[in-house]
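Reviewing the structure listed below.
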Protein chains: 2
Amino acid sequence: MLSIGDLSKRTGVKVPTIRYYEQMGLISEPDRSEGNQRRYSKTDLERLAFIRHGRDLGLTIDAIKELISLSQHPDRPCVGADRIAREHLDDVRTKIAQLKRLEHELERIVSHCDGHSIEDCYVIRALSDHGLCEAEH
Amino acid sequence: MLSIGDLSKRTGVKVPTIRYYEQMGLISEPDRSEGNQRRYSKTDLERLAFIRHGRDLGLTIDAIKELISLSQHPDRPCVGADRIAREHLDDVRTKIAQLKRLEHELERIVSHCDGHSIEDCYVIRALSDHGLCEAEH
DNA sequence: ATATATTGCTCTAGAGACTAGAGGTATCGG
DNA sequence: CCGATACCTCTAGTCTCTAGAGCAATATAT
């Protein structure tokens, strides 16, 4: 039986975050000690590791909830889980593309800055005048 | 003189967002019509376009505030503005790198999924077992 | 066994950057 | 001048936590 602090250390999820997940219904209410402190089992540990992993991969709480509920029906086909992961992969790719455009823009902006006075600063000028941008955004 | 709706159309910033920016001190309180409605000048339009552009580039409200205050002292050197842009560029690059790692992980996960039952689903298994991951994350 | 330190409890509020809704007022086109 | 649209203020909600207050339980050291 693990205290909430132990669980936190083992999974890397902060204590208040664990309580938050409980509140959100991601993990079930654990047993309590005589003094009303939370006591976790190995199953709870696994569940939390699962959640942590999903969050690290950028899945939303809702997506993780869905995956948990899917995983509780091991007989059903796994197209649902597959779909969630694929959709998320699409999102990630879109975001990467966006950020790359941004990276180029910022590179251009800082490379033009000659460090003289604000009046001539390309950073400020570029922000003021969208026409100085290379691409639409 | 533009109404808040006109300003919104011209800049692409939604009406409640404009009011929010005013509240946050990003734009100054505009003149009002006799009936107490906001009326904006061309200067206000430019300022808001500047803000919009900065937000599109992913700058925080605070960073934009700083840039605005810098731009109001055109005689000072522009190292401050340069620094803000460079720091942001670093952040963007870090985030791109992170997302790429994530992309690989998700690719691997979905490519292993054979669409049979949840019991064998690689999506679920990968989330449960960090050991199935290629890299640390 | 006791004193102290650490950890735990609940509850509330805050972060960032908006967005939505209620209930009422101004302005504009016809 | 009527009705539609746009505007006003104010409050509360989004999402995923994080921080703090004030108090209770547990662990460690003596």
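Lettering follows sequence order; numbering is per chain, from 1.
In this structure, the nucleotide among C:dG8, D:dT18, D:dC7 sitting nearest to the side chain of A:Val15 is C:dG8.
Here A:Glu22 contributes atom CD and A:Met24 contributes atom CE; the two are 10.5 Å apart, rounded to the nearest 0.5 Å.
Looking at heavy-atom distances under 4.0 Å, B:Arg19 makes contact with a base.
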(request) Using the side-chain contact (heavy atoms from CB on, under 4.5 Å) rule, take B:Met1 and B:Arg38 through it: C-alpha gap first, then chi angles, then the decisive distance, then the call. (result) CA-CA 9 Å; B:Met1 283 294 174; B:Arg38 290 169 178 81; over 6 Å; no

(request) Show your working on side-chain contact (heavy atoms from CB on, under 4.5 Å) between B:Arg52 and B:Asp56 and close with a plain yes or no. (result) CA-CA 6 Å; B:Arg52 169 79 210 261; B:Asp56 281 350; 3.3 Å; yes

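Spacing between atom CG of B:Asp56 and atom P of C:dA17 amounts to 14 Å, rounded to whole angstrom units. In this structure, the CG atom of B:Asp62 is 11 Å from the P atom of C:dA15, given to the nearest Å. Distance, B:Met24 CE to C:dT19 P: 14 Å, rounded to whole Å. When rounded to the nearest whole Å, the span between CD1 of B:Ile18 and P of C:dA20 equals 15 Å. In this entry the distance linking CE of A:Met1 with P of D:dT26 reads 15 Å, nearest Å. Rounding to whole angstrom units, CG of residue A:Leu2 and P of C:dG8 are separated by 11 Å. Rounded to an integer number of Å, the gap from B:Tyr20 OH to D:dG13 P is 18 Å. Here the P atom of nucleotide D:dC15 and the CZ atom of A:Arg55 are 12 Å apart, to the nearest Å.
Listed by residue number, the members of residues 25-43 of chain B with any heavy atom below 4.0 angstrom from DNA chain C are B:Ser33, B:Gly35, B:Gln37, B:Arg39.
Nearer the 5' end of DNA chain D, as judged by each residue's closest nucleotide, is the contact made by B:Lys9, out of B:Gln23 and B:Lys9. Each of B:Asp6 and A:Ile61 was matched to the nucleotide of DNA chain D holding its nearest heavy atom; the match closer to the 5' end belongs to B:Asp6.
We find that A:Arg10 and A:Asp6 are not joined by a salt bridge, their nearest charged nitrogen and carboxylate oxygen being 4.0 Å or further apart. Remark: B:Lys95 does not engage A:Glu103 in a salt bridge, criterion side-chain N to carboxylate O under 4.0 Å. Between A:Arg39 and A:Glu34 there is no salt bridge, since none of the side-chain N atoms of the basic residue sits less than 4.0 Å from a carboxylate O of the acidic one.
The side chain of B:Tyr21 contributes an N or O atom lying less than 4.0 Å from OP1 or OP2 of C:dC18. Between D:dT18 and A:Thr17, a contact under 4.0 Å exists linking OP1 or OP2 to a side-chain N or O. One finds a side-chain N or O of A:Ser3 lying less than 4.0 angstrom from the OP1 or OP2 phosphate oxygen of C:dG8.
When only modelled atom types and interatomic distance are considered, A:Ser41 and A:Asp44 share a side-chain donor-acceptor pair under 3.5 Å.
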